[in-house]
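Every heavy atom of this structure was used, including side-chain atoms; hydrogens, water molecules and symmetry mates were not.
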Amino acid sequence: KVSDVPQWFIQSINIHSASASSEIMIGWSRFGTLEVSGHTGNAYRQLYSTLIDLIQTFLMLGAVVFGLLYLLLSLSLKSLERIRDQAKGIIENKFIIENKLPFTTEFRSATVAMNAMVAKVKDIFDRENETLRRYHELLYKDAETKLYNRRYLTAKLPDYLQSHSSLAAGVYVMLSLDGIDRLKREMGYQQDYVLLTTLANEMNAQFGDLQNVLIARLNDSDFFAVIPENTVASIRHLVERLMDHMQQKMEAIDSITTYVALGCSIGEYSEQDTLKSLFSRADHSVTEAKDKGNFTIDESHSNEESLILGRDEWRAELLQSIQESRMMLAFQSVVEYDKNDFNVLHEEILLRLLDKEGAIHNAGYFIPIAGSLGLVDLLDRYTIEKALKHLSENNHSAGMAINLSCDFIKKHSNTKWLREELAQFKRHTEAYLSFEVTNTVAINNLEAVHALSDMVKMYGYHFGIDHFVLPDSGADYLQIIRPDYVKSNSAYLEDMLYDKDTGNTRESLNNLTKSLGISIIAIMIENAQQMEVLKNLGITKFQGTYVAPVAMLK
């Protein structure tokens, strides 16, 4: 028995040892036979030891070879992973150029081809973006002051005045110069240019940092600013500072105050206003201001309904309305036109206040006050909770879109809270859900909105931009945020998609949004003619009172 060799090894291998025998003789008589044979244990021991050495050598060589193969495959697969990330980026409307080319011929060729395709798509985006930016500037910018012109104001202002928007109430400021024609004749166009640019710069300095502000030059002598979600009391000091600065600068210019007088009108607007009524009231007020003397501010008091309560009373009323669920949800459907029929895509959620007398008020009635009190993000949380609860209890209902305020976006605690709410909501239902921010919020809070968009999409929901208008810097921010859709005023879309001078269709906006996978929703559809014009321009998704009026959510 060989103790250091396993028995299975001995049994599997038969070793026959050599043997020799010899007769043992005493004289001529045989005494016996002697047989000698080798012991097989040494052979088994040597063979087993050799086997072990071979196995160890093979494992060592195998490990080295496997490591080298793994390293080579990893280098090759990293190239393949980068190609995969490029392809995934294209699906997600990202333009990724891979500068590190693989060493393998096949992967190198694939990477070069992918780079060429991505570069082509990015080139389309850049060219259309630049075309749109230039056309937008030509169409909507005043050549002298670089402010927006009257055409832009009349196209954009209806977004502010729509009854269900939080922008539907705020402050307007109108400044008017008397004597511009005389100034041009007697002092020359250079002095006129200096005066106009000085006024434009001062308006930008005082109002430019306010949320959703809209500043425009109406004509040669009139300037207009719309400041939503504010009150006269909160803006009055900015207007007084503007007039003081203009008085100092105009008096510093030689004899200019003998030719030109400046008057200012300030007042509040609401969802009941129209473009005509708002401009008429502002014109009348600014005329009275100029009649009272140079650098006079006239305040219009036509809309004082929301000022009946003081700040403390408003805070108590808003908090109590939340506790008593008197903050109610309304909705307006967004539809898609397909094969002579309308299909509901989702319903935009709107907030309404039911006061103690039983009257229901639109957002424009209380949102400006809530903003000044710092309660807007609390209202957003309330809206989200109510909407998610409704979707959980009514899985058959259409999906919902919830518009988030700038106050909500800016606070990290709100985003964290929303992530927890969505994680819990995702476990209970697969309903369609979308979140929106206004175009101004997206531009001014790009990093926060980008993070919010990624978080929302991570849970499989959608993200949109409301009241879309191309900014001066172009559409690069859309590439960063990558919204699923943008909503834009029907009048603005008509201007951007149709050249009224030549009768030709402009494809730049469509090409740009398609390159990013963004769909366009036309809002403020008030009649059949508006919808037909936009349908002929390739728009198939609509929102407005003609398509679906606002209704209370039950």
Side-chain angles (χ1 to χ4, degrees), residues 132 135-136 139-140 148-168 214 216 226 228 269 271-279 330-348 350 362 364 398 401 403 436 438-439 464-470 483 485-514 518-551:
L132 269 178
Y135 176 64
H136 192 272
L139 188 66
Y140 290 129
Y148 289 114
N149 56 24
R150 188 184 187 97
R151 182 172 186 171
Y152 181 84
L153 186 66
T154 55
K156 182 65 177 173
L157 195 53
D159 286 343
Y160 287 44
L161 298 177
Q162 58 182 328
S163 60
H164 60 269
S165 172
S166 62
L167 307 177
L214 179 57
V226 180
Y269 70 89
E271 66 273 11
Q272 285 82 23
D273 283 313
T274 63
L275 288 175
K276 183 178 180 180
S277 66
L278 182 59
F279 286 150
F331 70 92
Q332 186 175 41
S333 298
V334 175
V335 302
E336 182 175 19
Y337 182 81
D338 184 28
K339 298 178 181 179
N340 299 321
D341 195 13
F342 291 109
N343 300 317
V344 176
L345 296 177
H346 64 257
E347 295 168 343
E348 182 177 354
L350 313 168
N362 297 328
N403 208 309
E436 302 173 1
T438 63
N439 195 62
I465 293 180
D466 200 8
H467 303 297
F468 168 75
V469 172
L470 192 72
Y485 60 86
V486 295
K487 292 180 176 180
S488 191
N489 189 311
S490 57
Y492 178 79
L493 290 177
E494 286 186 40
D495 281 342
M496 299 305 293
L497 297 175
Y498 182 68
D499 190 339
K500 296 179 181 179
D501 295 330
T502 64
N504 297 326
T505 303
R506 296 184 178 273
E507 293 294 335
S508 295
L509 181 59
N510 271 329
N511 291 338
L512 185 143
T513 53
K514 287 178 181 177
I518 300 172
S519 59
I520 299 176
I521 299 174
I523 60 176
M524 297 293 294
I525 302 298
E526 307 297 336
N527 53 64
Q529 182 180 359
Q530 286 179 319
M531 190 173 69
E532 288 301 321
V533 170
L534 292 173
K535 281 164 58 179
N536 294 332
L537 295 174
I539 304 298
T540 59
K541 299 176 181 178
F542 306 96
Q543 181 181 8
T545 55
Y546 174 77
V547 177
V550 177

Is any side-chain heavy atom of [Y] closer than 4.5 Å to one of [X]?
{"X": "Val547", "Y": "Ser333", "answer": "no"}
{"X": "Asn536", "Y": "Tyr498", "answer": "no"}
{"X": "Met531", "Y": "Tyr546", "answer": "yes"}
{"X": "Gln332", "Y": "Thr545", "answer": "yes"}
{"X": "Val550", "Y": "Asn362", "answer": "no"}
{"X": "His467", "Y": "Ile523", "answer": "yes"}
{"X": "Tyr269", "Y": "Val226", "answer": "yes"}
{"X": "Phe279", "Y": "Leu153", "answer": "yes"}

Heavy-atom closest contact (Ile465 atom, Thr438 atom, distance):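 The pair with the smallest heavy-atom distance is CG2-C, 4.3 Å.
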Looking at [atom1] of [X] and [atom2] of [Y], how far apart are the two atoms once the value is rounded to the nearest 0.5 Å?
{"X": "Glu347", "Y": "Gln543", "atom1": "CD", "atom2": "CD", "result": "10.5 Å"}
{"X": "Leu509", "Y": "Glu507", "atom1": "CG", "atom2": "CD", "result": "9.5 Å"}
{"X": "Ile539", "Y": "Ile520", "atom1": "CD1", "atom2": "CD1", "result": "4.5 Å"}
{"X": "Asn527", "Y": "Glu532", "atom1": "CG", "atom2": "CD", "result": "10.5 Å"}
{"X": "Ile518", "Y": "Phe468", "atom1": "CD1", "atom2": "CZ", "result": "7.5 Å"}
{"X": "Phe331", "Y": "Leu350", "atom1": "CZ", "atom2": "CG", "result": "9.5 Å"}

[X] side chain to [Y] main-chain N or O, any donor-acceptor pair under 3.5 Å?
{"X": "Asn149", "Y": "Leu139", "value": "yes"}
{"X": "Ser490", "Y": "Ala522", "value": "no"}
{"X": "Asn489", "Y": "Met524", "value": "no"}
{"X": "Asn439", "Y": "Val469", "value": "yes"}

Pair Leu132-Leu512, side-chain contact (heavy atoms from CB on, under 4.5 Å): steps then yes or no: CA-CA 9 Å; Leu132 269 178; Leu512 185 143; 4.0 Å; yes
Salt bridge (Lys or Arg N to Asp or Glu O under 4.0 Å) against Glu494, all qualifying residues, sequence neighbours excluded: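 Expected list: none.
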Tyr140 and Tyr492 aromatic ring geometry - parallel, tilted or perpendicular at 30°/60° bounds: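 Answer is parallel, since the angle falls under 30°.
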Cation over ring face, Lys535 and Tyr337, 6.0 Å, 45°: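 That pair qualifies as a cation-pi contact.
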For Thr274, all residues meeting side-chain hydrogen bond (donor to acceptor under 3.5 Å, both in side chains), sequence neighbours excluded: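 Here the qualifying residues are Ser277.
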Pairing residues for Tyr135 by the ring-ring contact (aromatic ring centres under 6.0 Å, His included) criterion, not counting sequence neighbours: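 Here no residue qualifies.
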